[in-house]
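The structure presented is a predicted model; accordingly, all values stated were derived computationally and were not measured. We're numbering straight along the sequence, starting at 1.
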Amino acid sequence: MTAPKPLLNERLRPFGTTIFSEMSRLAGEHSAINLSQGFPDFDGPPEIIDAAIDAMRGGDNQYSRSLGHPRLVQAVAEMLARRYDLLIDPMTEVGVTCGATEGIAAALLGMLNPGDEVIVFEPFYDSYLGCLAMAGATPKIYTLRFPDFAVDADRLAALFTDRTRLLILNTPHNPTGKVFSRSELELIAQLCDKHNVTVLSDEVYEFLTFDDAEHIPFASLPGMRDRTLTLSSNSKTFSYTGWKIGWCYGPAALVAASQAAHQFLTFCAATPLQVAVAAGLEVFAASGDYLDTFRSEYQERRDLVVAALTAAGFDVATPQGTYFVLAAFDKLWDGDDRSFAYHLTKTVGVTPVPPSVFYRNEVADGARLLRFAFCKQLPTLQSAATKLAALAP
């Protein structure tokens, strides 16, 4: 009998199973504290759950408008106007997706053609390269180097060619915790304007910045509104990662390009959850009270984990934003990041992510680091700190 032909798309063959699935499975097998995958072990505001229940009982249970429920796109536009002074047409310049991850896929599939070159900063969120592969695009990679992850103008400028179609920006940046400075953003803006390059700006951690770090929406820079499609999400701001409600905003032509793919990927996100997220934006994101508390609670978590890792012997890059921290383990382990992540899981009881999988060009840079997620309750993090103390020299 003839064996069936393999059906896996050749473009996806190099990627395999995501590292998050692998490490979460390992954590479960060894009853370890899972600091690998970025999902909270707590719920967000209960009022948003109440709004979802009200929406379901009130009849919001059928397909919504593919571009997004009118109440949600209006809430997004009002939030952008109030917080960033960005004036966006809610009906043509906002699109709702099944989480920002689908937003990434829809944008790249909708905006790119095979052979287009796309500048990406590594280490990167893992879906970027997978979606670029599906679109047939070619990544041109700039490496952000531990511990300050600064951007060098000459190195970045050298990546632009006449085939550069898009630059993917992520600020605040996963997994480094870097918040791109105004001067770095202005450099990127100048290069994109010079080379007529569009920007996909992933800003899902826009409200999670610490100390004096300031999140600056890339679209708010002079001249960048017309060449930027920005992504954000309910998952990070309201801690309901399983709801998968994200959105994009930008000029109508870029939203339409994303929509051209989105309508065939999922058509629309879950209608009652869209209504609930709209209620959340109306009540919480429109005022500073919720976000101030949200940020201060996460800064307390960050400080606890940074202190624990430092005491255990790691060299830590203190994050300016997000809920991740990268730490170098040169003083603690002679092997690579994956072997140390497995060791910590099995013998210490704490599971990080080995971040070399977030690199393509300079894999060795990531092989000496681990990424820890601190989007957990304080008792969870305190327990992890106690376990990590066993590593202290």
Side-chain angles (χ1 to χ4, degrees), residues 44-45 47-48 51 55 64-97 99-100 103 106-107 169-172 179-180 182 185-186 188-189 192 198-209 213-240 243 245-259 262 268-269 273-295 321:
E47 295 90 340
I48 298 180
S64 75
R65 173 176 171 267
S66 184
L67 268 171
H69 193 285
R71 184 175 172 186
L72 178 52
V73 296
Q74 183 66 43
V76 169
E78 290 176 357
M79 182 269 292
L80 294 171
R82 184 172 304 203
R83 298 197 63 83
Y84 303 131
D85 200 29
L86 284 169
L87 301 181
I88 301 291
D89 182 340
M91 303 309 287
T92 63
E93 295 184 324
V94 180
V96 176
T97 56
L169 176 67
N170 177 207
T171 184
V179 177
F180 281 71
R182 183 174 292 276
L185 295 176
E186 288 174 345
I188 293 168
C192 289
T198 299
V199 174
L200 180 63
S201 190
D202 181 349
E203 301 178 13
V204 296
Y205 297 97
E206 61 185 309
F207 299 124
L208 266 180
T209 58
E214 177 192 11
H215 171 65
I216 301 168
F218 192 75
S220 70
L221 296 178
M224 290 302 106
R225 186 194 186 285
D226 290 340
R227 66 169 68 253
T228 305
L229 185 69
T230 303
L231 301 172
S232 195
S233 169
N234 145 81
S235 296
K236 308 306 182 289
T237 303
F238 293 135
S239 302
Y240 291 115
W243 287 20
I245 303 294
W247 54 85
C248 64
Y249 68 86
L254 295 184
V255 172
S258 172
Q259 170 66 13
H262 165 68
C268 70
L273 302 186
Q274 290 191 60
V275 174
V277 172
L281 288 175
E282 291 161 0
V283 174
F284 296 114
S287 69
D289 294 343
Y290 167 75
L291 295 175
D292 288 345
T293 301
F294 174 72
R295 190 178 292 112

Gap separating the [atom1] atom of [X] from the [atom2] atom of [Y], nearest 0.5 angstrom:
X: Leu281; Y: Leu72; atom1: CG; atom2: CG; value: 6.5 Å
X: Thr237; Y: Ile245; atom1: OG1; atom2: CD1; value: 13.0 Å
X: Thr228; Y: Glu203; atom1: OG1; atom2: CD; value: 8.5 Å
X: Asp85; Y: Ser220; atom1: CG; atom2: OG; value: 9.5 Å
X: Gln74; Y: Glu78; atom1: CD; atom2: CD; value: 4.5 Å
X: Arg83; Y: Phe207; atom1: CZ; atom2: CZ; value: 5.0 Å

Distance-minimising heavy-atom pair for [X] and [Y]:
X: Ser233; Y: Ser235; answer: OG-N, 2.9 Å
X: Phe218; Y: Ser201; answer: CB-OG, 3.7 Å
X: Pro172; Y: Leu208; answer: CG-O, 4.0 Å
X: Thr171; Y: Phe180; answer: OG1-N, 3.1 Å
X: Ser66; Y: Cys268; answer: CA-CB, 4.3 Å
X: Ala107; Y: Leu229; answer: CB-CD2, 3.8 Å

With no hydrogens and no angle check, is any side-chain donor or acceptor of Ser258 less than 3.5 Å from a backbone partner on Leu254?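 No, the answer is negative, given that no donor and acceptor are paired below the 3.5 Å cut-off.
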Between the side chain of Glu206 and the main-chain N/O of Pro217, is any donor-acceptor distance below 3.5 Å?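 Side chain of Glu206 to backbone of Pro217: no pair is present.
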When the aromatic ring centroids of Tyr290 and Phe238 are compared, is their separation below 6.0 Å?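 Judged by ring-centre distance (under 6.0 Å), Tyr290 and Phe238 do meet the cut-off.
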Taking side chain to side chain contact (heavy atoms under 4.5 Å, CB included) as the definition, give me every residue that meets it alongside Arg227, ordered by chain and number, with sequence neighbours left out.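 With neighbours one apart ignored, the set is Cys192, Asp193, Asn196, Met224.
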Between Ile188 and Leu169, is a side chain to side chain contact (heavy atoms under 4.5 Å, CB included) present by the stated rule, with each step listed? CA-CA 9 Å; Ile188 293 168; Leu169 176 67; 4.0 Å; yes
Contacts under 3.5 angstrom, residues 87-96 side chains, donor-acceptor by atom type, not counting sequence neighbours:
from, atom 1, to, atom 2, distance (Å)
Asp89, OD1, Met91, N, 3.0
Asp89, OD2, Thr92, OG1, 3.2
Glu93, OE1, Asp89, N, 2.9
Glu93, OE1, Arg225, NH2, 2.7
Glu93, OE2, Arg225, NH2, 3.4

Let's go through Asp202 and Leu200 carefully: what are the C-alpha distance in whole Å and the side-chain angles of both, what is the deciding distance for side chain to side chain contact (heavy atoms under 4.5 Å, CB included) to 0.1 Å, and is it a yes or a no? CA-CA 6 Å; Asp202 181 349; Leu200 180 63; 5.9 Å; no
Audit row: Arg65, Val73, side chain to side chain contact (heavy atoms under 4.5 Å, CB included) steps and yes/no: CA-CA 10 Å; Arg65 173 176 171 267; Val73 296; 4.1 Å; yes
Find out whether Tyr84 and Thr230 are in side-chain contact, i.e. whether some heavy atom of one side chain is under 4.5 Å from a heavy atom of the other.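 Side chain of Tyr84 against side chain of Thr230, heavy atoms only: no contact under 4.5 Å found.
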Side chains of Thr209 and Glu214: closer than 4.5 Å at any heavy-atom pair?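 Heavy-atom side-chain distance check fails, nothing below 4.5 Å.
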Verify side chain to side chain contact (heavy atoms under 4.5 Å, CB included) between Tyr240 and Leu273, making sure each step is shown before the conclusion. CA-CA 10 Å; Tyr240 291 115; Leu273 302 186; over 6 Å; no
